[in-house]
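Below, chain A is the first sequence line, B the second, and so on; all start at residue 1.
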Amino acid sequence: MAHDSDLPCDGDGRCMICKISPPVEETLTCKTCVTPWHLNCLSARPKTLADAAQWECPDCSNLISSPPPSTATSGSEPSAILIAAIRAIESDASLSDQDKAKRRQQLLSGGGSDDGDKTTDANNEAGVGGDSDVLKLLTGSFNCSFCMQLPDRPVTTPCGHNFCLKCFEKWVGQGKRTCAICRASIPPKMASQPRINSSLVIAIRMAKLTKSNTASGPPKPYYSVLNQNRPDKAYTTERAKKSGKANACSGKIFVTVPPDHFGPILAENDPERGTGVLVGETWEDRMECRQWGAHLPHVAGISGQSHYGAQSVALSGGYEDDEDHGEWFLYTGSGGRDLSGNKRTNKTQSFDQKFEKYNEALRVSCRKGYPVRVVRSHKEKRSAYAPEKGVRYDGIYRIEKCWRKPGIQGYKVCRYLFVRCDNDPAPWTSDENGDRPRDLPSIKELKNATDVTERKSTPSWDFDVEKACWVWKVPAPGSRKQVDNVDVEDGNSTRKVRRKTQTLSVSERLLKEFCCVICHKVMTLPLTTPCAHNFCKSCLQETFAGQTLMKERTCEGRRTLRAQKNIMKCPSCSNDISDYLKNPQVNRELMSVIDTLQRQTKESEENAVLGEEILNTDEKTDDIEEEDINSDIDIVIVDESKVNKGLKRKKDGEKMETISNKAKQEDDESSSLVTV
DNA sequence: AGCCACAGCCTT
DNA sequence: AAGGCTGTGGCT
């Protein structure tokens, strides 16, 4: 790199060394990268006017001799190609200055020279929409400028540049504290704890997957996140504002049974351990339990389909009517509660339960005598059989009867008699054998019961006296669903593919990943915070509308206390991003990818509508004025009424002052660019 | 696309 | 300790 004392002017034209904005005659512009430098602060100045005209900044002139850390194998070639490419752009008379700037930017941020000749054309392949183009597009835009590879763990600097985590760490490890591309300083926290930009991860993974899919023959159906690509543990998505399992995506499902699988989960469906799910197995929480297929819903207590049957239930203490005797228990159906608003649980009943939905699913399992898996949660406090911690698999039960009766709260509830019928002993018993058929307990409440249902036909799951174990007497119902974690090519053409997989093109799915968490639309002027969350510039501005960086504090009118820093929490993760908000820079690489994807989507839609070729269109409207992109955010803004869309809670105790409201106009313009 | 759910974290 | 809050995922 350049001599350590050499630094260019920043985005506002201020010299990064002396911090003044030098007049034009004191600035020197690099002929290669067109960055302005302050003449007086340069360690080596050009000697003649002619030299000045052909001057190359210390960064560019050293590009060849100082390859970035991890390009040892590729040596100087990429840099030489890069410079040649920049020169080609500069000499292209057909481009406006703006276009040139845009292309330079793309190049310097890892713009692919992969294609050899037309370096920047990856972004202009709109309309074709071929899936492999998407990978090319990402390769052209997100390549780490150190190693020239598509990063598998991308990190984004506050100045809006993307690198591999490894390369970034290496760079920082060398003591560098400025961005390798624009020289903006890297905040200490980012340097010590870089965060992976998970939106980019998903996008890149998706593009790679798509490529491998198209490469090997017919296109495979695509799942928004394929099971095999999910992490082993539950994780929180970009959109989920609070971390924690309640708002988490499930992790990988380890077993190979379909979601509507009845009965025990056997060893053959457990490629991970080869044991199947064993009675007594305990998991941390419902999410983890889900991953092993014992009980899939992570909130609901019943897993089932009203016309098909119920596969499993959870005893979690949600219904006070439940009565647990270990080998048998009385279970209460779901519903009867007012869950309006955003409640998920509500202990008070306000209407009768009916045999519909999940309750009906349980009744089907009762009639058919299907085996039902049972898990008990530590939250069931009144039961002696509940585990101390976590969620435990207790084996197979059968529903022998069901009925309705007035519940403790007065409203009618659906009731089910579950009796254990597993080949393994229950976790609480020291018995070495599993269950034998047993007489049904006498249930007092049956006297007041209505709608009593008993099984009339042979139970599907029953005890075989000869084999001395519980088996399927009637073949298990065929699964109507597909296992999510095996490859989905070949064979069965009647398989159902999820709706979203059929309708969305790759570009559209990628665009979905690039949605702003605040407005839920595809980002315009995307910003990436140091905590690695992505937002529209305007949305982030609006979120902190009217807030100042510092908070004045007065002590009951007497004297002014030292101003206090105003904490501005990232809308995604509650990290303080006030420092970042002083001068956030648009992630241009991301922006250009979004641009292209939007063009592709738009054009493929038009193609679909017209069914004929579309002529080359001018892309003028998609261009964004240079000045708009990184104009300062003064953490100032605008119209408070626009801010509260239920996404942001106001803090009452704090009074903020608005400095000005100049940003409004720009803002409206940029938000009008939102498409899709 | 809307509804529903015996979660789990955070605030009071 | 109790109640509030809220993305997610499956069913309809």
* Asked: When Glu327(A) is tested against each of Tyr385(A), Tyr397(A), Trp428(A) for side-chain hydrogen bond (donor to acceptor under 3.5 Å, both in side chains), which residue passes?
  ->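 So the option named by the test is Trp428(A).
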
* To do: Please round to the nearest 0.5 Å and tell me the distance separating atom OG1 of Thr345(A) and atom CZ of Arg337(A).
  => 7.5 Å

* **Residue met sooner reading DNA chain C from 5', once Thr345(A) and Arg290(A) are mapped to nucleotides** =>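 Closest to the 5' end, via its nearest nucleotide, is Thr345(A).
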
* Specify the residue among Val299(A) and Leu296(A) whose closest nucleotide of DNA chain C lies further upstream toward the 5′ end. =>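 First, find each residue's nearest nucleotide; the 5'-ward one identifies Val299(A).
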
Protein-nucleotide distance ([X], atom [atom1]; [N], atom [atom2]), rounded to Å:
{"X": "Tyr319(A)", "N": "dC6(B)", "atom1": "OH", "atom2": "P", "answer": "4 Å"}
{"X": "His295(A)", "N": "dA7(B)", "atom1": "NE2", "atom2": "C1'", "answer": "11 Å"}
{"X": "Asn247(A)", "N": "dC10(B)", "atom1": "CG", "atom2": "P", "answer": "10 Å"}
{"X": "Asp338(A)", "N": "dC3(B)", "atom1": "CG", "atom2": "P", "answer": "13 Å"}
{"X": "Asp321(A)", "N": "dC6(B)", "atom1": "CG", "atom2": "C1'", "answer": "13 Å"}

Within the structure, does a side-chain N or O atom of [X] lie under 4.0 Å from either OP1 or OP2 of [N]?
{"X": "Arg337(A)", "N": "dC3(B)", "value": "no"}
{"X": "Ser306(A)", "N": "dC11(C)", "value": "no"}
{"X": "Lys379(A)", "N": "dA7(B)", "value": "yes"}

* Any Lys/Arg nitrogen of Lys354(A) or Asp352(A) sitting under 4.0 Å from an Asp/Glu carboxylate oxygen of the other? ->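 No, Lys354(A) and Asp352(A) are not salt-bridged.
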
* Do Asp322(A) and Arg382(A) meet the salt-bridge criterion of a basic N to acidic O distance under 4.0 Å? ->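 No, Arg382(A) and Asp322(A) are not salt-bridged.
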
Looking at [options], which one has an atom nearest to any side-chain atom of [X]?
{"X": "Leu339(A)", "options": "dG9(C), dG10(C), dA5(B)", "result": "dA5(B)"}
{"X": "Ala240(A)", "options": "dC6(B), dT8(C), dG9(C)", "result": "dT8(C)"}
{"X": "His298(A)", "options": "dT8(C), dG10(C), dC6(B)", "result": "dT8(C)"}
{"X": "Tyr358(A)", "options": "dC11(C), dT8(C), dC6(B)", "result": "dC11(C)"}
{"X": "Lys245(A)", "options": "dC6(B), dC11(C), dC9(B)", "result": "dC9(B)"}
{"X": "Ala300(A)", "options": "dG9(C), dC11(C), dA5(B)", "result": "dA5(B)"}
{"X": "Thr237(A)", "options": "dC6(B), dT8(C), dG9(C)", "result": "dT8(C)"}

* Asked: Under 6.0 Å between ring centres, would you say that holds for Tyr370(A) and Tyr308(A)?
  ->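 Centroid distance Tyr370(A)-Tyr308(A): not below 6.0 Å, so no.
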
* **Test of ring centre spacing under 6.0 Å for Tyr411(A) and Phe351(A)** => no

* Asked: Counting any heavy atom closer than 4.0 Å, what does Ser303(A) reach on the DNA or RNA strands: base, sugar-phosphate only, or nothing?
  -> nothing

* **Gln409(A) side chain to Lys347(A) backbone, donor-acceptor under 3.5 Å** =>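 Yes, Gln409(A) side chain to Lys347(A) backbone: donor-acceptor pair under 3.5 Å.
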
* When Watson-Crick pairs (N1 to N3 and N6-O4 or O6-N4) and G-U wobble pairs (N1-O2 and O6-N3) count only below 3.5 Å on both distances, what is the dot-bracket string of DNA chain B, with | for other-strand pairs? -> |||||.||||||

